[in-house]
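One structure is given below, encoded as structure tokens.
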There are 2 protein chains.
Amino acid sequence: MGTVSKALSLLGFFSRDRQEIGLSEMTRLTGLNKATVFRLLTELAENGFVEQVGSGRAYRLGPVFLRLASLREAAVPMREMAQQVLDRLSAATGETTHMSILQGDQLCTLAYSYSVQHGTRVTMDDAEVITFHSTSSGLAVLAHSDTAFVTQVLAQPLERRTPMSVTDPEVILGQLEDVRRSGIAENVSGFEEDVHSHAAPVFDAQQRCYGAVAVAAPVARMSDALRAVIRAEVPRAALEMTRLLGGFPPASFKTKFETMPGHAPAA
Amino acid sequence: MGTVSKALSLLGFFSRDRQEIGLSEMTRLTGLNKATVFRLLTELAENGFVEQVGSGRAYRLGPVFLRLASLREAAVPMREMAQQVLDRLSAATGETTHMSILQGDQLCTLAYSYSVQHGTRVTMDDAEVITFHSTSSGLAVLAHSDTAFVTQVLAQPLERRTPMSVTDPEVILGQLEDVRRSGIAENVSGFEEDVHSHAAPVFDAQQRCYGAVAVAAPVARMSDALRAVIRAEVPRAALEMTRLLGGFPPASFKTKFETMPGHAPAA
DNA sequence: AACCTTTGGTTTGAATAATGAACCGCACAC
DNA sequence: GTGTGCGGTTCATTATTCAAACCAAAGGTT
């Protein structure tokens, strides 16, 4: 791994729960040398990628990201497009919808949309990193990724987020088969309690799966009728997203689902 | 300059007008070796900081910035706070308002707000880099920066954006004196034609000036009455911004303006 | 007050990575 | 077919990283 990758990996440790990180903590997290981490952080700070919080010594993300995110969105209005699709999907299903995309070997939330139809809803965090093994989005992506990536993900320790989380790699591999067969991933309370979610994959121009569109409903509200609506709408939205972002599904996926009327998969 | 700084400086060349940059172009822009630039870009790409556009070989900013900008905004809701202040300032003045902040040695637009009061208005670009010498915001920041930075900025070639642009360093130094005396920077048609702008400085917790709040009106609409309103409101908004973002003005600035009723400066 | 631990930051030669000039294959223009 | 510019690659030289110390300061405990 090169110097730049090391420096950039530092940034990956910031999260919603870890907005400020000290030098020592960072050395522990990265496993790099303290002197190196210090130099990297100093260099990042010189360029505005991190900054030291007022009084103390801890580092946090710098202001350049506001500018660079603006420019990224100007070049590729991914988030804006995702928002439109999700808003429609939320309206159609009456539930919370979200889209997640692969960033390196992490899956994070790109955008989400709430429905005003019900008083209760599943709530989302912006830019949250979600697990592969215990979310419908994660399973949807894994099911359409190459086996090398799948084995790499499943080889790592799989967090038991809730009592309902499935953490046995063998069982998960079986689930992926189902996902490929139906075109839809489903998960109940694996990531957050009382959340029943469905997801469908989104592909890029090289026909690689790099994200998923999902609908998340409270378990209590999941009925046969709602489930039917979601299973009809999620693949439609995912395909629309794929098209909007300039990608298209691989032949294997396309022939199975896309040629059907309304793109609805067999239940 | 270290490896990381070189890599990060590459990102600085992307802009609204330059969303995609090829390898050769990048080597020319940076002055670095082509092999080095290639390696840096490859490493940036591995981490999602740049990506290669579908068919060709040109690079553009990657998707990680959406995530990191979200996290930055979660840690320091600068943009959100700025938006609130600007919305009020636009309502009070009936004109377009914006805030710009220093990023390294560049001044870029952080946020802006339009007023619905008039059919015509000055329009803004998101994340635009603006010049120091031909904008009121730039002059406001320079006027409250240390002389080393001012001489560095004025030593570089000063672009003549419009026929009205002032590009003589001596004249600009004189303008800065006026800005310090009045607490407000003013510029007519220096950056864009037919735009009359006023700006006031924003300070951080170390009492360093790192940005400015500005009101930009069409030249044709600038009356004595409007000018009086703007010169009353801009410093007020700038001070509010300073406070909101956890900073405070240096003693020299504070004693001159802040102790006055309504924080309005002497005309 | 004395002691211990942890923090951010700095210094050292041996190991490891980055650098720069030349080079390759390719497309396109003439 | 020859010249030019492109993205990408090679390899000896050169700069950076590593590990293991160290320092000063802050906070906690006794």
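Residue numbering restarts at 1 for every chain, and letters A, B, ... go by the order of the sequence lines.
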Q. Taking only N and O in the side chain of A:Thr3, is any of them less than 4.0 Å away from OP1 or OP2 of C:dA17?
A. no
Sorted by chain and number, sequence neighbours left out, side chain to side chain contact (heavy atoms under 4.5 Å, CB included) with A:Thr3 holds for A:Leu40, B:Thr3, B:Val4
In 5'-to-3' order, the base (B), backbone-only (S) or no-contact (-) status of each nucleotide in nucleotides 20-30 of chain C, using a 4.0 angstrom heavy-atom cut-off, is BB-B-------
The ring pair (Phe, Tyr, Trp, His ring centres under 6.0 Å) partners of B:Phe203 (sequence neighbours excluded) come to B:His144, B:Phe253
- Task: For C:dT7, take OP1 and OP2 only and decide whether either is under 4.0 Å from a side-chain N or O of A:Tyr59.
- Result: no
query = Is there a side-chain polar atom (N or O) of A:Gln52 under 4.0 Å from OP1 or OP2 of C:dG9?
reply = yes
Between B:Phe49 and the options B:Phe65, B:Tyr59, B:Phe14, the ring-ring contact (aromatic ring centres under 6.0 Å, His included) test singles out B:Phe65
Sequence neighbours excluded, the answer for ring pair (Phe, Tyr, Trp, His ring centres under 6.0 Å) partners of B:Phe191 is none
Residues pairing under salt bridge (Lys or Arg N to Asp or Glu O under 4.0 Å) where one sits in residues 36-46 of chain B, two or more places apart or in two chains, turn out to be B:Arg39-B:Glu43
Rounded to whole Å, the CZ-P distance (B:Arg39 to D:dT9) equals 13 Å
The helix from C:dA1-D:dT30 to C:dC30-D:dG1: angle between terminal helix axes, five bp per end, to the nearest 10 degrees, reads 40°
Here the distance between atom P of C:dA18 and atom CG of A:Leu40, to the nearest Å, is 11 Å
By salt bridge (charged side-chain N to carboxylate O under 4.0 Å, His left out), A:Arg161 pairs with (sequence neighbours left out) A:Glu192
Residues pairing under salt bridge (Lys or Arg N to Asp or Glu O under 4.0 Å) where one sits in residues 74-85 of chain A, two or more places apart or in two chains, turn out to be none
Sorted by chain and number, sequence neighbours left out, salt bridge (charged side-chain N to carboxylate O under 4.0 Å, His left out) with B:Glu51 holds for A:Arg72, B:Arg60
Sorted by chain and number, sequence neighbours left out, salt bridge (charged side-chain N to carboxylate O under 4.0 Å, His left out) with A:Arg208 holds for A:Asp204
Taken in chain and number order and not counting sequence neighbours, the residues that satisfy side chain to side chain contact (heavy atoms under 4.5 Å, CB included) with B:Arg18 are B:Ser15, B:Ile21, B:Glu25, B:Leu29
Note: for B:Gly2 and B:Phe38 on DNA chain D, the residue whose nearest nucleotide lies more 5' is B:Phe38
ask   = Are A:Ser134 and A:Thr131 close enough, and set up right, to give a side chain to side chain donor-acceptor pair (under 3.5 Å), and what steps lead you there?
value = CA-CA 6 Å; A:Ser134 54; A:Thr131 59; 2.6 Å; yes
Expected list for residues 7-28 of chain A near DNA chain D, using heavy atoms below 4.0 Å, is none
